[in-house]
Amino acid sequence: MTPEAFTAWREAIGGRRFLMTLGANVVNTLIFVFTAKLDQSGYLLTFGATVGAYLTANHMQRRLEAPEAKS
């Protein structure tokens, strides 16, 4: 796979930030849930915080990249 094809594939499924968020949640699950270091409410809190950070960053990035809004 060429670098250009990989970049196109990555952007088609959600982009670099989405893949990093997905990877962070997989690691979070493996470390905290399967080792019994975190109960269900703690897991849901960390998962929700990760999703919230992703959504906030995505919203801000789109807002900064958008042309000036009409007043």
Side-chain angles (χ1 to χ4, degrees):
M1 180 179 279
T2 65
E4 293 83 14
F6 177 72
T7 300
W9 173 81
R10 183 184 70 198
E11 293 303 318
I13 63 168
R16 178 180 52 100
R17 192 181 314 116
F18 174 74
L19 292 175
M20 290 189 318
T21 303
L22 189 64
N25 283 321
V26 168
V27 170
N28 184 22
T29 301
L30 293 175
I31 292 174
F32 293 120
V33 175
F34 292 135
T35 60
K37 298 284 184 191
L38 196 61
D39 63 347
Q40 183 178 3
S41 62
Y43 175 75
L44 291 174
L45 180 66
T46 56
F47 186 79
T50 305
V51 171
Y54 172 78
L55 293 174
T56 302
N58 189 34
H59 175 73
M60 292 305 296
Q61 179 182 3
R62 289 181 188 269
R63 200 159 189 208
L64 290 172
E65 290 175 352
E68 290 294 321
K70 295 179 183 177
S71 299

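Just so it is clear, the model here is predicted, and its values are computed rather than measured. In this chain, residues are counted from 1 in sequence order.
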*Asks:* Who are the side-chain hydrogen bond (donor to acceptor under 3.5 Å, both in side chains) partners of R62, not counting sequence neighbours?
*Replies:* N58
*Asks:* Can you give me every donor-acceptor pair (side chain of residues 47-56, partner residue at least two apart or in another chain, under 3.5 Å) with its distance?
*Replies:*
residue : atom : partner : partner atom : Å
T50     : OG1  : T46     : O            : 2.9
T56     : OG1  : G52     : O            : 2.8

*Asks:* Quick one: NE2 on H59 to CG on L64, what's the gap to the nearest 0.5 Å?
*Replies:* 9.5 Å
*Asks:* Test of understanding: with side chain to side chain contact (heavy atoms under 4.5 Å, CB included), list the residues that count as partners of L19, not counting sequence neighbours.
*Replies:* R10, I13
*Asks:* Say whether V27 and M20 are linked into one hydrophobic cluster, either directly or through other cluster members, by side-chain heavy-atom distances under 4.5 angstrom.
*Replies:* no
